[in-house]
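Below is one structure, written out as structure tokens, with a few remarks after it.
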Amino acid sequence: MTLLSVNIDHIATIREARRTNEPDPITAAAICELAGAHGITVHLRGDRRHIQHRDVKILRETVKTKLNIEMAATKEMIGIALEVVPDQVTLVPELPGEITTTGGLECTRNQEAITSAIKHLQSNNINVSLFIDPAESQIRAALSLGARTIELNTALYSDATLRNRETQQGTEALAAVKQAAELAQSKNIVVLAGHGLTYRNVRAIADIPAIVELNIGHNIIARSALVGLERAVREMLALL
Ligand code: PXP
């Protein structure tokens, strides 16, 4: 069985749309865990557009499975990771103004910042995962930087399968993820994957034996808004 870490950033996005106190990602994390999720993921962005420092501090106390914080390899973020001590930090590239993470870390460049972050985090017993594109050069570079865990970026596959049609790009992107996962596994790297996965395209990725865990956020939160809407309206009507 492939493990699932639920990314709850967009619960915080709804809260921050009103700068208020609900929905609370802490409650969301507990619900995900009660439903059987194997981990909780949040992305603490430099611009704090959704998840806040307060959230990661409380999640550290409340998450009972595995707390994974995605962050850029900046001095500020590494400081917060060392204060909070999550089970795992996923290092991701972060571009100002981007809607979501747009690509994997460039492990063949930026080596100093990444190596230094890995060393600081690992020496504090925090597992480090590198979010990388499914390319041989990135896997070899991640390995040389000291990574023991990687998360393969499935964005190309997700984009190509969004319309639910079989396309050449989708087939090629899936093959690239599979090939990268097998190469990394052969080097004893723990392989995770995610980005843009949906209820319709997840099966083929989950069927890759080398991938042990998927990190899925937006599509689960999007579905929860719709499957929960009828009940929410009925509960309001009952009050009126
Ligand atoms: N993995 C990483 C590194 C991400 O940045 C994200 C998005 O925050 C995800 C996985 C999850 O992507 P999605 O929200 O599209 O499922």
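Here the structure is a predicted model, which means the values were calculated and not measured. Only this structure's heavy atoms are used, side chains among them; waters, hydrogens and symmetry mates stay out. Atoms within a ligand are numbered from 1 in the order they appear, just like the ligands themselves. Quick note: residue numbers are just sequence positions, from 1.
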**OP:** Enumerate the atoms of ligand 1 whose separation from the nearest heavy atom of G196 is less than 4.0 angstrom.
**Re:** 12 (O), 13 (P), 15 (O), 16 (O)
**OP:** Can you pull out the closest protein heavy atom to atom 12 (O) of ligand 1? Residue, atom name and distance to 0.1 Å, please.
**Re:** H195 CA, 3.5 Å
Original post:
Counting from 1, what ligand 1 atoms have a heavy atom of I216 closer than 4.0 Å?
Top reply: 16 (O)
Original post:
Quick one: which ligand 1 atoms are inside 4.0 Å of a heavy atom on N7?
Top reply: 8 (O)
**OP:** Taking side chain to side chain contact (heavy atoms under 4.5 Å, CB included) as the test, write out the residues that go with R19, two or more places apart.
**Re:** E16
Original post:
Does F131, backbone or side chain, put an N or O under 3.5 Å from an N or O of ligand 1?
Top reply: no
Original post:
Does any donor atom in the side chain of Q138 or E106 lie under 3.5 Å from an acceptor atom in the other side chain?
Top reply: yes
Original post:
What is the closest protein heavy atom to atom 16 (O) of ligand 1, and at what distance does it sit?
Top reply: G217 N, 2.8 Å
Subject >> Residue part near ligand 1, for H10, under 4.0 Å between non-hydrogen atoms >> reply: neither
**OP:** Give a yes/no on ligand 1: does N219 have at least one heavy atom closer than 4.0 angstrom to it?
**Re:** no
Original post:
What distance separates L145 CG from E112 CD, expressed to the nearest 0.5 Å?
Top reply: 11.5 Å
Original post:
Does a sphere of radius 6.0 Å around CG in L156 hold more than 12 heavy atoms from other residues, nucleotides or ligands, not counting ones at 6.0 Å or beyond?
Top reply: no
Original post:
Would you say the side chains of N215 and E70 form a donor-acceptor pair under 3.5 Å?
Top reply: yes
**OP:** Specify the protein heavy atom at minimum distance from atom 5 (O) of ligand 1: its residue, its atom name, and the distance to 0.1 Å.
**Re:** T101 OG1, 2.8 Å
Subject >> Sole residue of I69, V42, I11 in side-chain contact (heavy atoms from CB on, under 4.5 Å) with I51 >> reply: V42
Subject >> Region of N215 engaging ligand 1 - heavy atom pairs below 4.0 Å >> reply: both
Original post:
Can you list the ligand 1 atoms lying under 4.0 Å from a non-hydrogen atom of H218?
Top reply: 13 (P), 14 (O), 16 (O)
Original post:
Any idea which atoms of ligand 1 are less than 4.0 Å away from a heavy-atom of V92?
Top reply: 3 (C)
**OP:** List for me each residue that meets side chain to side chain contact (heavy atoms under 4.5 Å, CB included) alongside S158, sequence neighbours excluded, and say none if there are none.
**Re:** T154, L197, N201
Subject >> N or O contact, T90 vs ligand 1, cut-off under 3.5 Å >> reply: no
Original post:
Between E70 and ligand 1, is there a nitrogen or oxygen pair with a distance under 3.5 Å?
Top reply: yes
**OP:** Examine the side chains of H218 and T198 and answer whether a donor and an acceptor come within less than 3.5 Å of each other.
**Re:** no
Original post:
Taking atom types as modelled, is there a side-chain donor on T41 or N7 under 3.5 Å from an acceptor on the other?
Top reply: no
Subject >> Minimum-distance protein heavy atom relative to atom 10 (C) of ligand 1 >> reply: E151 OE2, 3.2 Å
Subject >> Rounded distance [0.5 Å steps], NE2 in H10 versus CG in N219 >> reply: 10.5 Å
